[in-house]
Structures are given as C-alpha cells and as structure tokens.
Amino acid sequence: MERFPAADAPLYEVKANLFKGLSHPVRIRVLELLADSAEVTVTELMNGTNQEASNLSQHLAVLRRHNLVVAQRRGVQVFYRLAYPQVADLLTVARSLLQQFLHTTTQQLASFNPPAGESDTSTAETDTEPAPSL
C-alpha cells in the first residue's frame, strides 16, 4: 500500500482506505488509548490492549500506513501518538453515533414488546381458533 493516496484517486476511495485502517477492534482500542494521552509507549499499549508484542506491532504498522499514528524512538522505547487530533474527534463522533443507534434500537424494541400485562389481545382473538371440545 502506498504511504499517500494517489492524487487523482476519488475522495470516496481515500475515505474507504481510511476506514480500512480503522477496521479492527484492536486498532480502535489503540487509537482510544492514544486519544487519552499525549503519547504512549508500546509497553503501555500492550497492557491496554492485552496484545502480544508481535500482534500489536502488526496493528501499529497498519495505523502508521494509514497515517493515523506516528512513532518516535527514544533510547530503547518507542512512543506513539495520534498523527492528527481529528482522529480523536472521529472516535468521539463514532461513539456518539453508536449511542444514537443504540437509543433508537432500544426505542424500536420497546414499541414491539409492550410491558407485561399490556399485550394486544385483539390480534390474539382473530389469529386463534376456538379450542376443540373434548
């Protein structure tokens, strides 16, 4: 994958590639950890994601390739930070959108499942046949 998108690529393709970089729960968790701090060491990211170094390294490489994070080596430690503050904003918007989805779904489910004792008996009467007499 190229480090920077082709200049003539349609914006929707560039956006799709950005979302590919976000398309794994571990990468989202890494970004959340970085959004909460100015910079985080790889060791702290390993602890915050419960990932082994090799697996985390692969996810960090994807995030770097999509220009979502930047790394800086200082001595034996590597520090990561968000490449742009808007990445944190994107996570906040995603959380808000998901909360709205949940709220809407909860309301829809509540309208389909009335509380106990408030069931609609009119459909029960028309949909059932009289019980056969024994």
If only atom types and distance count, is the side chain of His66 paired as donor or acceptor with the main-chain N or O of Leu68 below 3.5 Å? no
Main-chain N/O of Phe101 paired with Thr105 side-chain donor or acceptor, under 3.5 Å: yes
Would you give the length of the straight line joining atom OG1 of Thr41 to atom CE of Met46, rounded to the nearest 0.5 angstrom? 9.5 Å
Checking the side chain of Thr106 only, and the main-chain atoms of Leu102 only, is there a donor and an acceptor separated by less than 3.5 Å? yes
Derivation and outcome, side-chain contact (heavy atoms from CB on, under 4.5 Å), residues Val70 and Arg81: CA-CA 6 Å; Val70 292; Arg81 64 179 170 81; 3.3 Å; yes
Contact between Val40 and Val30 at the side-chain level, heavy atoms closer than 4.5 Å - yes or no? no
Residue pair Glu32 / Arg95, side-chain heavy-atom distance below 4.5 Å: yes
Could you grab the distance from atom CG of Asn17 to atom CZ of Arg65, nearest 0.5 Å is fine? 10.5 Å
State plainly whether one hydrophobic cluster holds both Val87 and Phe19, where clusters connect Ile, Leu, Val, Met, Phe, Trp and Tyr through side-chain heavy atoms under 4.5 angstrom apart. yes
In Å, rounded to the nearest 0.5 Å, how long is the span from CG of Asn67 to OH of Tyr84? 5.5 Å
Working for side-chain contact (heavy atoms from CB on, under 4.5 Å), residues Leu45 and Leu60: CA-CA 10 Å; Leu45 290 173; Leu60 290 169; 4.0 Å; yes
Answer yes or no on whether Arg74 is positioned over the face of Phe79, meaning its NZ or CZ is under 6.0 Å from the six-membered ring centre and within 45° of the axis. yes
To the nearest 0.5 Å, what is the distance between OG1 (Thr49) and CG (Leu56)? 5.0 Å
Backbone N/O of Ser54 and side chain of Ser57: donor-acceptor pair under 3.5 Å: no
Does Gln58 reach the side chain of Asn55, with side-chain heavy atoms less than 4.5 Å apart? yes
Heavy-atom side-chain proximity of Gln51 to Val26 below 4.5 angstrom: yes
Do Tyr80 and Arg64 touch side chain to side chain, with heavy atoms closer than 4.5 Å? yes
CA sep, side-chain torsions, deciding dist, call: Ser111, Gln108, side chain to side chain donor-acceptor pair (under 3.5 Å): CA-CA 5 Å; Ser111 71; Gln108 290 171 340; over 6 Å; no
Please determine whether residues Leu97 and Leu91 belong to a single hydrophobic cluster, defined as Ile, Leu, Val, Met, Phe, Trp and Tyr linked transitively by side-chain heavy-atom distances below 4.5 Å. no
Contact check, side chains of Ile28 and Leu22, non-hydrogen atoms, under 4.5 Å: yes
His103 and Gln107: side chain to side chain donor-acceptor pair (under 3.5 Å), yes or no, with the steps? CA-CA 6 Å; His103 177 74; Gln107 285 183 324; 3.2 Å; yes
Would Val62 end up clustered with Val78 when hydrophobic side chains under 4.5 Å apart are linked, directly or stepwise? no
CZ/Arg27 to NE2/His59 distance, rounded to the nearest 0.5 angstrom? 6.0 Å
Rounded at 0.5 Å granularity, tell me how far CG in Leu11 sits from CG in Leu18. 10.0 Å
